[in-house]
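Take a look at the structure set out below.
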Amino acid sequence: MGVTGAGKSSFIRRVTGNDGVLIGSGLQSMTQEVQSYKFEHDGKVYSIVDTPGFNDTYRSDNEVLKELADWLLKSYQDGVKINGIIYLHRISDTKMEGSALRNLRMFRKLCGEDFMKNVILGTTFWDIVGVDQGVARETELLRTESFFKVMQEQGSTVERILDDRESNLALLSRFAAKQPHVMRIQQELFEGKTLSETAAASAVSRELAELQHQNLEKLSDVEVQAQKKITRSSLEKVLTLHLERKTFDSTIHDLSAQQEEIREEQMEEDKKNDERMTKLQEEKHCQDQRFQVQLNDLNEKLRAIKASPGKRG
Ligand SMILES: Nc1nc2c(ncn2[C@@H]2O[C@H](COP(=O)(O)OP(=O)(O)OP(=O)(O)O)[C@@H](O)[C@H]2O)c(=O)[nH]1
Ligand SMILES: [Mg+2]
């Protein structure tokens with residue numbers, strides 16, 4: 001067992017020598033069904049079972065769990081006894097990510113504490129990490145409670161799985177010497193519990209609820225951030241508007257002042273024009289009067305000339 005891409009099918013192909021065992025490209029999950037392979041080694045017949053990995057690219061962990069549970073119950077009812085489980089983990093993973101940790105916890109619930117003596121925690125992908133790096137990660141796995149520490153204390157062994165058939169087979173022969181044991185989920189299902197009532201399924205639901213909770217927290221975080229952004233951007237907008245308004249107001253004020261000045265100048269000008277006009281009219285009136293006086297005077301003189309016979313011709 002193990003997460004998708006941990007190297008389960010590769011291990012099985014190597015030990016069985018069966019080219020029919022399909023291996024993934026490394027990007028997408030490959031094994032979709034529980035599949036049992038038989039082979040003989042050192043006079044013993046082994047039945048090795050390939051399983052779909054958790055964290056599948058196509059199916060939820062719940063669906064993978066159902067696939068495993070169906071097979072495990074049926075094999076139990078058929079009298080098949082399990083000598084052991086190899087749980088694979090990539091040593092090349094830079095850290096035990098959320099999904100890998102979730103699946104390990106679910107695996108523990110699936111097995112139950114009593115089964116731990118029949119578990120090998122196998123680390124793969126040693127060929128792509130430096131020895132120091134690999135050893136440092138292995139040490140961390142062994143020292144961390146939620147990783148391998150408790151499982152090891154409960155009887156599991158931690159082994160490096162290398163691309164070497166002989167050492168892989170040696171590992172399997174250690175299983176052959178072990179007392180088969182019933183897994184917790186087999187017992188639970190056999191006793192009549194539904195899958196959702198089993199410890200492993202509850203773990204999946206709890207993990208799911210936890211995941212949802214984390215996502216909700218993240219979402220509300222994002223919302224708060226977004227709100228902050230909105231508030232900040234709104235503030236910036238308000239500030240910009242305020243500044244624009246201030247500039248606008250001062251422009252309006254300047255324009256009004258200019259307009260007032262122009263109006264006053266205009267009034268001044270109009271007043272001057274009016275005065276000028278009045279003066280001109282008065283002057284004209286005076287001129288008219290003077291002209292009239294002169295005209296009257298001339299007319300008078302003309303009449304006097306006409307009336308005086310002695311002075312004519
Ligand atoms: N470098 C390296 N590659 C490996 C090792 N084990 C497996 N691979 C590669 O990893 C990819 C996935 O391997 P699989 O054996 O299909 O993995 P799986 O655990 O069966 O994956 P699922 O079937 O999807 O659950 C393939 O490309 C393998 O060749 C390893 O120890 N070292
Ligand atoms: Mg596979």
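Both ligands and their constituent atoms are indexed starting at 1 by order of listing.
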Pairing of E67 and R59 as salt bridge, 4.0 angstrom limit: yes

More than 12 heavy atoms of other groups within 6.0 Å of F291 CZ: no

Structural part of I128 in contact with ligand 1, heavy atom criterion under 4.0 angstrom: side chain

Heavy-atom nearest option to atom 1 (N) of ligand 1, drawn from V3, D127, D163: D127

Heavy-atom nearest neighbour of atom 26 (C) of ligand 1 within options G24, G7, G5, S9: G24

The Mg ion (ligand 2) reached by T4 (N, O or S, under 2.8 Å): no

From Y58, F54, F11, F125 - option closest to atom 10 (O) of ligand 1 by heavy atom: F125

N or O pair under 3.5 Å between K8 and ligand 1: yes

Metal proximity, S9 vs the Mg ion (ligand 2), N/O/S cut-off 2.8 Å: yes

Within 6.0 angstrom of Q77 CD, more than 12 heavy atoms from elsewhere: yes

Ligand 1 N/O within reach of T31 N/O, cut-off under 3.5 Å: yes

Heteroatom distance test (A6, ligand 1): nitrogen or oxygen, under 3.5 angstrom: yes

Residues, nucleotides or ligands: over 12 heavy atoms within 6.0 Å of R143 CZ: no

K117 side chain vs H181 backbone, donor-acceptor pair below 3.5 Å: no

Backbone or side-chain N or O of G53 under 3.5 Å from ligand 1 N or O: yes

E33 vs D50 side-chain heavy atoms within contact, under 4.5 Å: no

